[in-house]
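Okay, structure first, notes after.
The first residue in the sequence is number 1, and the count goes up from there. Computed from a prediction, not measured in an experiment: that's the story for all the values here. Whatever order the structure lists them in is the order used to number ligands and atoms, beginning at 1.
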Amino acid sequence: MTAHTRPARALATVDLGAIRRNVALLSSRAAASGAATMAIVKADGYGHGAEQAARAALRGGATWLGACSMAEALALRQAGIDAPLFSWLESWDADFAPALEAGIDVSVSSASELARVAGASARTGKRARVHLKIDTGLSRNGCPPELWPTLVKAAAAESGVDVVAVWSHLAAADEPGHPSIDRQARRFSEAYDLAREAGLTPLRHLANSAATLTRPDLHFDLVRPGIAIYGLNPVPESADLTPAMTFSSHVVLTKRIAAGEAVSYGLTWTAERDTTVALVPVGYADGVPRTLSGRMDVWLGGRRRPVVGRVCMDQIVVDCGDDEPPLGAEVVLFGTGSEGGPTAREWADTIGTIDYEIVTGMYRPRVQRTYPGAES
Ligand SMILES: *Cc1c(COP(=O)(O)O)cnc(C)c1O
């Protein structure tokens with residue numbers, strides 16, 4: 001094998017067809033309530049690749065894209081994506097001119113942000129497309145309700161500013177029935193009514209993945225699913241989605257060890273009988289949480305097998321019993337789980353986090369990302 005064909009040590013394989021199909025499911029649910037779909041591709045598409053995920057989402061029926069920052073949105077424009085693009089989080093002194101020049105919609109939560117957007121419009125001669133954000137209870141960004149009437153009137157009076165939308169973000173939509181959801185929805189409606197009274201006719205958007213899947217009454221004009229487009233479902237029983245990312249490596253060495261021998265740093269696992277162990281060259285520097293030590297399986301040779309001993313920076317060891325996998329055999333650390341193998345959700349549940357953190361954590365230089373049969 002040449003260096004070119006040798007499998008990567010750590011490989012994130014992204015199924016763009018799965019993203020397209022997940023978006024098709026989400027956007028058909030949105031369309032049933034008259035809403036369009038903004039696919040969220042922030043944080044490099046939750047670790048899947050922003051541009052590739054964006055193109056797959058557009059093929060699946062999304063008509064808008066959302067990215068966290070202007071910088072993320074600009075990268076998509078520069079890649080030649082001409083769909084409506086929205087970004088919502090900047091530094092306190094950001095210059096909005098690049099967004100206006102590139103036709104990127106921006107979010108405004110405060111009078112100071114409005115002033116900077118209006119200033120950028122005056123300097124560039126470009127109209128600003130603004131989504132006014134109301135804080136309905138998450139208490140992150142967004143305009144507090146008491147300042148909202150002033151903000152909407154000021155925005156309505158700005159000559160260079162078009163108020164495209166009123167929007168907000170939910171705190172606990174992944175817990176269907178949580179009382180905060182209806183409370184936030186009520187405050188959202190009040191904020192929208194005040195914008196109408198100020199003479200504005202904005203779109204409305206509120207729903208993340210969980211609300212897209214469970215609260216059609218909150219779809220309004222546009223839904224903003226993120227994690228679900230990657231096939232990870234915050235309300236698992238609400239739809240059948242396909243995880244798009246498979247994280248894998250391969251066997252680089254096997255050996256027999258005798259009963260009583262221990263494995264990896266700290267010698268935390270001891271073989272109870274003679275066994276074959278396989279060395280796999282991925283570790284916590286490749287996104288395998290060290291806190292999974294002794295608590296994870298891999299899919300190797302058509303079955304689950306336990307990782308034994310500590311997860312190291314660069315390697316893990318798999319107990320194969322009396323099987324001897326060939327060198328180069330594929331080792332799946334997480335994937336779709338369709339055959340019973342581990343998933344990102346399983347990792348997250350084991351270590352007390354969410355699958356969002358697992359997949360976004362795969363965006364790192366040592367992990368090679370590939371798009372088999374890319375449908376671009
Ligand atoms: C991340 C994010 C979303 C998507 O949330 P998911 O739970 O991943 O669907 C939507 N809107 C905003 C403002 C976000 O920050």
- Does a side-chain N-to-carboxylate-O contact under 4.0 Å join D15 and R20? no
Is the number of heavy atoms from other residues, nucleotides or ligands under 6.0 Å of E146 CD greater than 12?
yes
**OP:** Answer yes when R21 and D240 have at least one side-chain N-carboxylate O distance shorter than 4.0 Å, and no when they do not.
**Re:** no
Going hydrophobic residue to hydrophobic residue with side-chain gaps under 4.5 angstrom, can you get from I229 over to V14?
yes
side-chain contact (heavy atoms from CB on, under 4.5 Å) filter on A115, not counting sequence neighbours, yields none
Checklist entry - Mind checking whether H205 and W167 have parallel, tilted or perpendicular rings, split at 30° and 60°? => result parallel
Pairs under 3.5 Å, nitrogen or oxygen of ligand 1 with protein nitrogen or oxygen:
| unit_1 | atom_1 | unit_2 | atom_2 | d |
| --- | --- | --- | --- | --- |
| ligand 1 | 7 (O) | Y356 | OH | 2.7 |
| ligand 1 | 8 (O) | Y46 | OH | 2.6 |
| ligand 1 | 8 (O) | I227 | N | 2.8 |
| ligand 1 | 9 (O) | S209 | N | 2.8 |
| ligand 1 | 9 (O) | S209 | OG | 2.5 |
| ligand 1 | 9 (O) | G226 | N | 2.9 |
| ligand 1 | 11 (N) | R224 | NE | 2.9 |
| ligand 1 | 11 (N) | R224 | NH2 | 3.4 |
| ligand 1 | 15 (O) | K42 | NZ | 2.7 |

